[in-house]
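Since the structure comes first, as structure tokens, the remarks are kept for the end.
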Number of protein chains: 4
Amino acid sequence: MAGEAREKCAVAGIVGYDENLPAAGLMYESLFAMQHRGAEATGMVTQKSDGSLGAHRELGLIIDVFREEAAEKLVGSIAVGHNRYSTSGLKDKHMQPYVDEAVGFAMGHNGNLPITSYLDARLSKSNVITSAVNDSEKMGIAIAQEIRNGHDLPAAIELAFPLFKGAFSCVAMHGDTLVGFRDSKGVRPLALGEFDGGRIFASETCALDIVGAKYEREVSPGEMVILTPDGSIDSKQINSGEEKLDIFEFVYFARHDSYLYGRRVNEVRRNLGRQLAEQHPPIVDDLDNVLVVPIPDTSVPAAEGYAETYKLRHRQGIIKNRYIGRTFMQPSQLQRQQQLRRKHAVIDEALAELSEDGKTVVKNYDVILIDDSIVRGNTIPNLVLQVKAAGARSVTVLIASPPVRFPDFYGIDTPSQNELVAANITPEKFRKSLKHCEYLGYLSLDRMVKATGMPADKFNLSCFNGEYPIGIGSRKAEIYTPVSMEYID
Amino acid sequence: MAGEAREKCAVAGIVGYDENLPAAGLMYESLFAMQHRGAEATGMVTQKSDGSLGAHRELGLIIDVFREEAAEKLVGSIAVGHNRYSTSGLKDKHMQPYVDEAVGFAMGHNGNLPITSYLDARLSKSNVITSAVNDSEKMGIAIAQEIRNGHDLPAAIELAFPLFKGAFSCVAMHGDTLVGFRDSKGVRPLALGEFDGGRIFASETCALDIVGAKYEREVSPGEMVILTPDGSIDSKQINSGEEKLDIFEFVYFARHDSYLYGRRVNEVRRNLGRQLAEQHPPIVDDLDNVLVVPIPDTSVPAAEGYAETYKLRHRQGIIKNRYIGRTFMQPSQLQRQQQLRRKHAVIDEALAELSEDGKTVVKNYDVILIDDSIVRGNTIPNLVLQVKAAGARSVTVLIASPPVRFPDFYGIDTPSQNELVAANITPEKFRKSLKHCEYLGYLSLDRMVKATGMPADKFNLSCFNGEYPIGIGSRKAEIYTPVSMEYID
Amino acid sequence: MAGEAREKCAVAGIVGYDENLPAAGLMYESLFAMQHRGAEATGMVTQKSDGSLGAHRELGLIIDVFREEAAEKLVGSIAVGHNRYSTSGLKDKHMQPYVDEAVGFAMGHNGNLPITSYLDARLSKSNVITSAVNDSEKMGIAIAQEIRNGHDLPAAIELAFPLFKGAFSCVAMHGDTLVGFRDSKGVRPLALGEFDGGRIFASETCALDIVGAKYEREVSPGEMVILTPDGSIDSKQINSGEEKLDIFEFVYFARHDSYLYGRRVNEVRRNLGRQLAEQHPPIVDDLDNVLVVPIPDTSVPAAEGYAETYKLRHRQGIIKNRYIGRTFMQPSQLQRQQQLRRKHAVIDEALAELSEDGKTVVKNYDVILIDDSIVRGNTIPNLVLQVKAAGARSVTVLIASPPVRFPDFYGIDTPSQNELVAANITPEKFRKSLKHCEYLGYLSLDRMVKATGMPADKFNLSCFNGEYPIGIGSRKAEIYTPVSMEYID
Amino acid sequence: MAGEAREKCAVAGIVGYDENLPAAGLMYESLFAMQHRGAEATGMVTQKSDGSLGAHRELGLIIDVFREEAAEKLVGSIAVGHNRYSTSGLKDKHMQPYVDEAVGFAMGHNGNLPITSYLDARLSKSNVITSAVNDSEKMGIAIAQEIRNGHDLPAAIELAFPLFKGAFSCVAMHGDTLVGFRDSKGVRPLALGEFDGGRIFASETCALDIVGAKYEREVSPGEMVILTPDGSIDSKQINSGEEKLDIFEFVYFARHDSYLYGRRVNEVRRNLGRQLAEQHPPIVDDLDNVLVVPIPDTSVPAAEGYAETYKLRHRQGIIKNRYIGRTFMQPSQLQRQQQLRRKHAVIDEALAELSEDGKTVVKNYDVILIDDSIVRGNTIPNLVLQVKAAGARSVTVLIASPPVRFPDFYGIDTPSQNELVAANITPEKFRKSLKHCEYLGYLSLDRMVKATGMPADKFNLSCFNGEYPIGIGSRKAEIYTPVSMEYID
């Protein structure tokens with residue numbers, strides 16, 4: 001996908017067995033490790049032994065937000081944290097974690113609720129101005145309400161749970177209790193680990209590694225895992241349902257070194273490359289003239305898998321600027337394109353072989369570009385053009401996932417279907433629009449699933465096939481009749 | 001009192017009849033006019049037509065807190081605001097107004113609740129961590145709870161009102177309603193005014209003047225006044241009780257140009273000076289040799305009243321530094337003393353008459369220093385010393401109120417009795433400790449009351465006589481047996 | 001003048017005898033004491049024992065600019081500081097003191113140079129972009145240039161001095177030397193004092209008092225006083241000239257408690273009131289019906305002097321808002337007027353006598369308003385109106401200085417002549433424009449001078465009589481033929 | 001080198017042919033592209049058409065420093081900029097570019113001057129406190145001095161040039177002239193390019209690409225290239241000398257996509273890998289069991305070159321955290337190590353082959369780790385340990401450059417020789433200290449040079465062989481007798 005903004009948020013929670021454990025320091029490391037899931041805002045809330053909270057939430061990179069002066073406030077051995085991928089125009093409202101200082105409750109939410117009518121109805125009874133709060137806040141308010149009504153945290157979550165219609169992996173704290181819970185399909189991940197001195201919940205296992213925690217298991221769909229400082233761990237199955245992890249976690253969201261369903265993401269991605277190799281072998285016979293080039297960073301293992309299958313050369317022919325971040329001015333569509341340009345630089349010399357003195361081209365390769373996915377399709381065209389200009393004899397574009405033809409309702413709730421290139425033109429038309437692309441191949445749905453080693457029914461595949469495992473209610477109307485799907489395989 | 005820190009907070013509320021009225025601009029002016037009541041933190045909350053809120057609250061002077069960037073957030077035609085005199089160690093918690101964004105409720109509170117046991121009991125039932133919130137927040141949480149339970153703002157206030165045990169003048173908003181209400185004794189003031197385009201509540205009438213509002217009346221003790229954007233005004237007497245305005249409002253807190261009980265504060269203060277003149281005439285016969293000098297700013301009218309009675313000279317012989325504010329370093333007891341030093345400069349030449357060329361002293365006056373009150377007694381000694389050193393033939397100190405011998409429980413909840421000089425040594429001992437003071441006179445309680453033109457039972461006089469009109473519960477224990485009171489009259 | 005913006009800057013310099021003396025702490029106190037001379041920007045520069053500098057300069061009040069974090073940089077036992085009254089549009093350029101870190105030179109300048117052609121010519125030779133720097137910076141650059149050329153600080157100042165055409169009181173430091181110097185007429189003040197551990201230069205003696213320094217003397221016109229850490233004090237008369245102190249220092253700029261020409265400013269101001277009393281006695285016979293009201297703060301002693309002469313009542317019938325400062329939005333002409341409005345509140349009850357119950361007016365006074373000066377004339381009209389509305393039987397306006405008919409070229413270089421009300425209409429016309437003013441009287445030039453106890457030739461009186469003691473070159477063209485002066489006496 | 005802090009600074013200069021060209025926007029892009037050379041501070045200075053300057057310099061990442069509010073100041077069509085790798089304890093002094101606002105001069109310097117005695121002597125004559133300024137500032141002051149003396153920029157640079165003893169690539173501006181110049185050996189790079197509307201100097205060509213500039217040539221050693229807004233380009237050879245580019249630019253500093261000596265850095269690095277392959281073939285015979293793993297980011301092309309030589313598998317088995325940056329607390333030695341830990345994550349599954357279901361290891365590879373260089377040697381040990389623990393059958397470490405045995409005096413002037421692991425222990429000892437490393441091989445000096453396609457005498461090789469092409473004066477004393485060099489080849 002190569003930089004098209006479609007990241008997900010991250011949550012984490014830490015409980016120390018000793019009330020002197022400084023949870024904030026570990027939370028900082030955890031959030032840092034998961035910044036790839038959301039880099040526009042971050043926050044954490046800690047809880048002191050008397051139940052009172054300290055909170056710090058701001059727009060910005062983790063390194064900017066958590067400066068020394070914030071450390072003073074973040075006292076306590078229990079903490080929840082959140083990284084956000086923010087949509088435009090958001091400014092400084094709707095910060096996460098949600099905090100209710102009066103009852104000492106805080107919660108981070110990763111996911112999205114396409115249906116909030118039940119929640120709205122309940123909150124309106126409590127006079128909450130539902131138009132002024134977002135879905136994550138509504139969830140927090142509903143749980144806090146039950147706490148106010150005299151329930152402890154697990155009971156409050158259980159009571160509010162039926163109102164939550166959508167995808168959610170959450171970590172909440174109140175009193176001396178830290179709870180992690182997921183929707184009944186487990187669309188977004190949530191792992192549990194133990195370290196010397198406490199336990200941790202995190203969206204990705206790479207956050208466990210960074211604090212030296214041992215991975216225990218994932219929180220099950222519909223399950224609530226309850227941790228307390230005495231080291232006890234309790235669980236309640238609120239709701240049962242088939243697990244439907246968003247396969248995009250494997251395809252694009254998760255970090256290479258995280259685990260999902262017990263599999264290292266990096267390995268699954270290399271498998272995606274191998275599947276791609278079987279489905280779409282090189283279009284030229286002279287394999288020694290083929291060069292595989294990943295569009296960094298996500299597709300590197302797929303490129304490795306592809307290349308290894310045929311013992312092909314593979315090189316980093318495109319590099320990603322390390323320091324990408326905020327721009328000098330407000331983001332606009334124009335600027336987003338500039339950012340994409342800035343994100344990648346094509347290295348001509350890696351795409352053609354030079355003589356020893358570097359002065360003559362002695363070989364022009366047949367280049368195979370590998371990307372993890374195509375969403376809006378605004379990164380590929382320029383890269384193809386540059387690769388061709390660098391002297392490629394031919395250009396093949398292979399995508400390690402099927403066409404993205406349906407919108408996402410369980411994550412950042414964007415983009416709408418008319419922005420998805422594969423929902424609007426056929427792959428062949430898209431290939432032609434690229435001008436210098438001899439071959440464009442998507443990985444089939446079956447092969448994508450096969451690469452994970454898990455059966456298809458273990459996944460939310462809605463972006464690819466339009467089958468939404470969790471009801472999306474009236475938002476169905478946002479989906480228009482797609483072009484025929486015959487081209488997928 | 002000459003600068004001893006014992007200021008009170010201020011509240012204000014504005015409702016515009018037109019939803020385009022920018023309430024924030026008027027609120028800014030109102031808070032600015034009342035900054036003498038609290039200069040360490042300020043905040044305001046505005047409400048848009050959809051009921052959602054914008055809030056900005058910070059430590060600092062009004063001019064620092066409300067900068068341009070804050071204006072963006074403060075949209076809407078209804079607003080509540082607050083100035084706080086913060087106690088030490090407060091940092092950035094417990095900001096006012098209290099805000100509950102979910103239900104669109106905000107409230108500012110001026111006063112103090114010596115008894116919170118009822119409130120705590122109720123809130124604990126709702127799992128509120130009462131140790132983590134202060135009394136103002138408890139009040140806000142209790143009202144917000146009733147709103148959540150489905151009540152409108154007036155009903156919510158009425159339901160929570162019986163839990164509030166102490167002194168409070170509050171302005172609250174929710175939906176399209178702005179409500180001002182006071183405790184049943186009316187210890188702290190709260191005025192109501194109307195301007196072209198809306199109505200305003202404010203702790204002092206000087207805040208009405210600044211926005212061009214006409215004073216209508218004070219909110220009555222135990223009354224709740226309900227304003228809406230359609231211009232309607234409604235009232236409900238929740239609780240009845242004799243009015244017991246804190247007489248310290250006249251003595252020290254209020255601005256010279258404010259009105260209380262329909263009397264201009266400046267005029268009452270001049271009356272205090274006249275009463276002082278009758279009770280304590282000059283100790284020398286040669287009135288032409290007497291010079292009356294106020295310790296600025298509060299006691300200037302009292303000095304005028306005293307001087308006019310005997311046609312005495314009165315001059316500003318002590319000046320106050322105009323720009324007093326934050327210090328370069330953290331405040332400490334030592335620094336507080338330095339600040340006092342910096343607050344006043346004695347002008348020698350104003351205290352003695354010079355020859356035309358300014359080179360010879362031709363007359364040494366008998367100086368009468370006038371102050372509004374003595375609380376800790378740490379300002380007077382140094383000033384007496386300096387006045388004597390400037391050549392005063394004699395020094396008289398006259399105080400326009402009786403000895404402060406009892407702590408305050410209805411305001412900022414400080415100082416404790418052992419810090420009150422008059423609770424621990426007799427006036428005569430205090431006079432002797434001043435070394436160069438020939439005469440020290442306090443105004444009697446009766447004369448102080450007489451100066452206001454109101455009967456004594458209209459006032460809370462507890463600081464002077466230990467009679468607390470609102471129960472202080474277990475905090476009675478903080479009062480130890482005072483020294484005999486025979487010296488008061 | 002009652003708040004019309006026409007303040008002057010302030011400079012200070014401190015040298016400690018011990019290199020461990022923290023000069024920054026004392027400098028902070030000194031600048032704080034002189035903030036009335038300029039509250040829009042401030043800065044200080046300290047010098048370590050190795051000659052390297054630490055500097056901190058910002059827009060804002062002293063309390064805002066010098067926060068804890070700035071303290072770290074301000075190490076050393078020698079310091080110079082500056083308060084600036086900034087003109088509009090200035091932003092953050094042209095900060096003072098001027099600093100040249102490379103040669104370890106810093107200087108603060110109070111005054112203005114109407115002629116910079118000599119300086120420009122010299123600097124242009126050194127390729128300085130004279131259009132990008134202001135007159136203070138030009139002075140600094142010229143001196144630093146001489147230091148670069150190998151001269152020590154006193155020699156460098158002496159060499160550059162002939163280029164400085166205008167008014168200047170400066171404090172400069174380089175190496176272990178601190179130098180104070182004034183133009184040959186001494187238009188702006190500069191005092192020298194010694195405290196336990198060092199010496200201090202300051203624009204006003206009130207800055208000496210605050211650090212406990214004993215006043216030694218003023219730096220003479222055309223003199224340079226050289227201080228070193230070993231306690232030595234040296235002097236060189238660079239230029240000789242008659243002293244021409246700006247009489248406006250007595251009239252308006254200086255703080256009441258400062259000394260100029262050895263006279264306490266407060267005392268001279270009381271003398272101005274006495275002179276005013278002789279020249280303009282009350283217009284009514286019943287003196288017991290007269291009330292003298294100063295327009296605060298500067299004119300309070302003049303009001304005392306006036307009142308004492310006839311044993312008249314005098315009261316603070318107009319009060320000044322203590323917390324005036326920055327506004328919520330960018331300053332504009334409109335806002336400047338609002339600020340003026342906010343600066344003063346008229347207290348009706350102080351201007352008329354009420355019955356004991358405060359309900360009936362029993363006496364309407366003949367009010368005499370006293371102001372120190374009239375410059376633009378935009379404060380008085382509204383105040384006269386309000387005083388009349390408060391029930392004054394008659395309103396007299398007396399000004400403790402002559403009409404200001406000529407622009408200032410030695411200070412902040414503003415306003416231009418067409419903004420000066422007395423340069424454009426006669427006093428009688430001005431009085432009539434006030435509508436409810438029965439009498440308007442200015443103090444004569446002779447009486448003003450007499451009040452100081454000094455001969456007229458000791459003063460720069462240019463604002464009043466157009467005689468500029470220091471050449472103003474081509475800027476003469478800015479002065480148009482004034483209306484005849486017959487009305488002045 | 002894998003993240004051991006040893007980065008270099010970057011400079012850039014832009015001149016627009018049209019005075020409306022906003023140079024700041026292009027400069028921002030250029031600095032952004034070169035942030036890998038220094039990420040701790042950045043700054044730029046622009047020049048308006050009247051010659052006056054606007055400057056903005058701060059500690060921090062480019063995205064943090066150049067926020068919207070800074071844009072206002074940065075007006076003009078000529079600009080110079082700088083990225084700095086700052087040494088510890090630097091705080092906010094010594095910011096670059098150096099600025100002299102008075103004469104409108106600014107300059108950025110990349111390099112280091114080991115000998116400043118000539119410069120110091122000259123500046124001391126001008127009373128500059130040489131102990132308070134660093135070498136870059138000294139250069140700036142010396143040039144500004146000549147401008148003050150009446151010379152134009154090229155003349156001023158030429159006059160000051162003989163005082164500069166060391167490595168420097170600089171961009172300076174004054175008046176309408178932009179000048180780029182390099183020391184007589186050209187130790188640090190400096191490229192020149194032209195774009196539609198202006199010309200640009202930059203340390204690396206990747207900065208040319210980002211603004212769409214066409215590479216023209218490098219500034220020659222000892223040359224000064226003079227640009228003006230009329231599009232003219234002039235050149236003067238101040239000094240002649242053999243070019244001695246720091247070979248570390250190829251090895252580690254430059255970005256993969258930059259060009260040096262006309263060669264793409266990425267290509268040279270792949271050649272380094274090929275040379276490494278020839279010198280150190282795999283230690284096992286079964287090439288299908290070999291896995292090549294680069295230590296990112298610099299060594300990726302070397303790994304490609306190595307792998308391609310023998311058609312070996314190569315994978316990203318170690319990943320670099322994308323968001324590395326500031327830490328929550330002050331940096332210390334301990335923290336620096338933590339940062340290193342955070343910078344890299346070893347992916348076990350990439351280092352061993354798994355069964356299709358991911359549950360069994362079916363192959364343990366013989367892993368070859370490739371790094372660009374070893375300086376302190378504190379990154380490798382932990383990585384070797386982790387790779388072994390991941391199941392590697394054997395671990396080989398190959399370094400694409402010779403042992404770094406001598407300190408650098410031309411760049412950031414660090415580290416000292418006792419910090420260089422290869423200066424203190426033999427490679428064999430180092431290998432043994434790694435415990436699980438079967439083979440450690442460095443690339444020979446000859447082969448390293450051969451990879452560049454240039455003769456050895458075109459390079460500064462001092463870090464490897466101790467031959468310093470530019471005199472280092474008394475600093476020779478910092479080099480102690482190295483261990484024998486027999487192991488290098």
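Side-chain atoms are counted along with the backbone in the values below, which use heavy atoms only and exclude waters and symmetry mates. Reminder, nothing fancy here: chain letters follow the sequence lines and each chain counts from 1.
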Pairs of heavy atoms under 4.5 Å with chain C: top-ranked of D:R148, D:Q145, D:H174, D:H151: D:R148

Heavy atoms only: give me the nearest C:I129-D:G104 pair and the separation to one decimal. CD1-CA, 3.4 Å

C:Y118 OH: over 12 foreign heavy atoms closer than 6.0 Å: no

Where is the tightest heavy-atom contact between C:D50 and D:S131, given as atom of each residue plus distance? OD2-OG, 4.0 Å

Most contact-rich option vs chain D, by heavy-atom pairs under 4.5 angstrom, among C:S126, C:G51, C:G150, is C:S126

Measure distances from D:I147 to the heavy atoms of chain C and classify the residue's part below 4.5 Å as side chain, backbone, both or neither. both

Looking only at atom types and distance, does a side-chain atom of C:N127 sit under 3.5 Å from a main-chain N or O of D:V103, one as donor and one as acceptor? no

